[in-house]
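Have a look at the structure below, then the notes.
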Amino acid sequence: MLLSDDIKSLKGIADKTAESFYSAGLFNLNDLLHYFPRNYESLKEISPIAAIAGDGYVTLKGKVSSAVSSVYRNGKNMTQFSFSDQSGTARVSVFNMPWLKKSLFAGRELIMRVYAKRKGMQVYLSQPKFYTEDEYKEALMHLKAVYPLTKKLNDAPLRKAIEQALVLADDIKEYLPDYILKDRKLISIPEAIRRMHKPADMDEVYEARRRLAFDEFFLFLVKMELLKEGEEKEKSSYIATDPEASFEKLKAHLPFKLTAAQQRAIEDVFADMKSGYCMNRLLQGDVGSGKTIVAFAAALAVCEDGRQAAVMAPTEVLAKQHYDDAVRMSREYGLCFKPVLLSGSLKAKEKREAKEGIAEGRYNLIIGTHALIQDDVIAKDLALMITDEQHRFGVRQRMSLAAKGKAPHVLVMSATPIPRTLGLILYGDLDVSVINELPAERLPIKNAVMSEDEHTKIYQFIYKRISEGRQAYIICPMVDEGGLEDVTNVTQYSERLRQIFPPSVRIEMLHGKMKSAEKNDIMERFSKGECDILISTTVVEVGVNVPNASVMVVENAERFGLSQLHQLRGRVGRGGYQSYCIFVAGKEDEKLGKRTKERLNVLKETNDGFKIAEEDLKQRGPGDFFGLRQSGLPYFKIADIYTDAELLKETKQTVEEVLRNDPGRTIPALMAAIRERESLSYIDFHGICL
Ligand code: ADP
Ligand code: MG
């Protein structure tokens, strides 16, 4: 067997099962090895029935102590029996396992992991999983991996397949020299893979994960270093003639005065574009700080000089918004923009027309999503490339669009306030401008952390704001971003809300599985004020600008990282209205609950994104990588720049050390190994092309 073998080469996987694996992105055995659990369960030691106090999973050993009944009710089968150990008796109810009746009988000994509920003197058991004595002993030694599943991909076949594939773990080559492994206390890759799937305890998981996270950081940083080495300051083909003068034409019409920070950022950008060398600048500014105008100022200078500029946005919604802005500005302010929107939802004919226009130079402002970077889009004279919300893009995409011009200037904008120390490592190849103030007249957002049983209050509050003419977002509990369950959640939530609110309240929903035309349509209606409440998954997270929306409700806020919550909050407070953000903490066990409150309180206390990022960094510890949505940086699948901040710093040192000890750059061997792993879809680095 080879890592690259199709999963069909495994025992028990025929065409139909294979389809279910393919649908989850699992094609070969290597994919399987890298399909990591989302959490782990431990089988507890056997406890007596009498000791069951509250609700939860327990492991019991005893005997079936009654006849076993099996009945059908409402189309469901229910098997019931009594179960006793020396300390007491409990009632077991099992759904939809009719075959149990055949194998169970009074007196049969059982070991089972089961969900227990105590009501007064009675104990009720459900969802049993049965173990033989041997299986139980074996299970005690390992944690049980809990894999992310989909509607099609089921647990049992996945487990069997991974179990079989694990023998191939040793085929994955080590690329790090021994001294690094020793120095940095890293376990080998095969060991890491095995432990991710079958750890003895959580410490093993942490070690395994640490190794895999290290790999991600290492490869990313090596590539970045090599890229920097190869790249002297590049001469630019475009030198701006008088960007200040062209900007005056825009500035004169703006309904607001630029903040000092915006002014500084624009000066930085203009200086770069006049320098004769390629701009490589990151514009960092909190949500709502007004980065867009900086982008348009830069684009205008380029267009005035008769060249082309491109703006790349991470979502269709956002691209459309920039496009509409550009169209409006050119019309109202008499600017020279000839904008074109290039997005995935264009019809073939429209797309052809757009591409031709771009190639011939009929359009000078190209706005779009990643469709922009498809190989066959060739700009006539691209002099500037702007990427909005850069953290959604890999550097590779940045580079490949940049390659479309003769060394264009590159401006990347990000609202992800990354703590400075980490930013220096991750964005080491960029100059940085920071917009560190919000427009003065902006009213600070008012925040509240509320619990699930306060929903009536929340809905009344929303209703009041809607009656005043405002609009509201509700971010729905998400299961797996873009997954089917999210769709169900959003749909059910919308239905519930439609019953609660009077019919005059217009409710729409938005989720990642919708076609982009549909998404655009809904977003457009929301921004025109034709919809009052928008229920959505996190697809609205990035950059959407509807100044009339003044309420943001985030359900199950505990599932998000602080920085991400801050991003979501940034959808409101963008106009002159007092805005509100309500974080709803879902029900959890008590220990977690207190920490959640503490975490969410940080958001209540400050609206400053950089402070929140620092706090995020402080609060996260090992173990936080399960269940919590991470920073939204796409470079890393396993690593998280917050949770693994220390590791990131260590890795940075290691990379420097490795490269220093290798002046002749024998690292190509290493890079070859890296490429091999990548081609085996090891980890999707979204990295830099070499
Ligand atoms: P972001 O930095 O999140 O991309 P935007 O550029 O979308 O922010 O700006 C948010 C809103 O603030 C927009 O409606 C924009 O017109 C407005 N805006 C930008 N700069 C200023 C300013 N200096 N004063 C007042 N409003 C501003
Ligand atoms: Mg923006």
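Read the numbers this way: they start at 1 and go in the same order the structure lists the ligands and their atoms.
- Those atoms of ligand 1 with a heavy atom of R574 less than 4.0 angstrom away are 3 (O), 5 (P), 7 (O), 8 (O), 10 (C).
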Distance-only donor-acceptor hits, side chain of residues 457-469, under 3.5 Å, sequence neighbours excluded:
{"from": "K457", "atom 1": "NZ", "to": "E454", "atom 2": "OE2", "distance (Å)": "3.4"}
{"from": "Y459", "atom 1": "OH", "to": "Y493", "atom 2": "OH", "distance (Å)": "2.8"}
{"from": "R465", "atom 1": "NE", "to": "E468", "atom 2": "OE1", "distance (Å)": "3.1"}
{"from": "R465", "atom 1": "NH2", "to": "E468", "atom 2": "OE2", "distance (Å)": "2.8"}
{"from": "S467", "atom 1": "OG", "to": "Y463", "atom 2": "O", "distance (Å)": "2.7"}

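- Interatomic distance, NZ of K652 versus CZ of F217, reported as 12.5 Å (0.5 Å rounding).
- Using a cutoff of 4.0 Å between basic side-chain nitrogens and carboxylate oxygens, K320 and D324 are scored as salt-bridged.
- At least one heavy atom of S289 sits less than 4.0 Å from an atom of ligand 1.
- Under a 4.0 Å criterion applied to the non-hydrogen atoms of T292, ligand 1 contributes the atoms 4 (O), 5 (P), 6 (O), 7 (O).
- A centroid separation of 6.0 Å or more is found between the aromatic rings of F583 and F560.
- Of all the heavy atoms of Q262, the ones lying under 4.0 Å from any atom of ligand 1 belong exclusively to the side chain.
- Listed by number with element, the atoms of ligand 1 under 4.0 angstrom from any heavy atom of T259 are 23 (N).
- Between G290 and ligand 1, at least one N/O pair is under 3.5 Å apart.
- For residues 295-306, every residue pair satisfying the salt bridge (Lys or Arg N to Asp or Glu O under 4.0 Å) rule, not counting sequence neighbours, is listed here: K249-E304.
- Residue contact check: K257 has heavy atoms under 4.0 Å from atoms 22 (C), 23 (N), 24 (N) of ligand 1.
- In the vicinity of L258, heavy-atom distances shorter than 4.0 Å reach the ligand 1 atoms 23 (N).
- Under 4.0 Å from ligand 1, the heavy atoms of N545 that appear belong solely to its side chain.
- Among the candidates V554, L603, I582, the single residue satisfying the side-chain contact (heavy atoms from CB on, under 4.5 Å) test with R569 is L603.
- Here the side chains of S536 and V490 are not in contact, with every heavy-atom distance at 4.5 Å or above.
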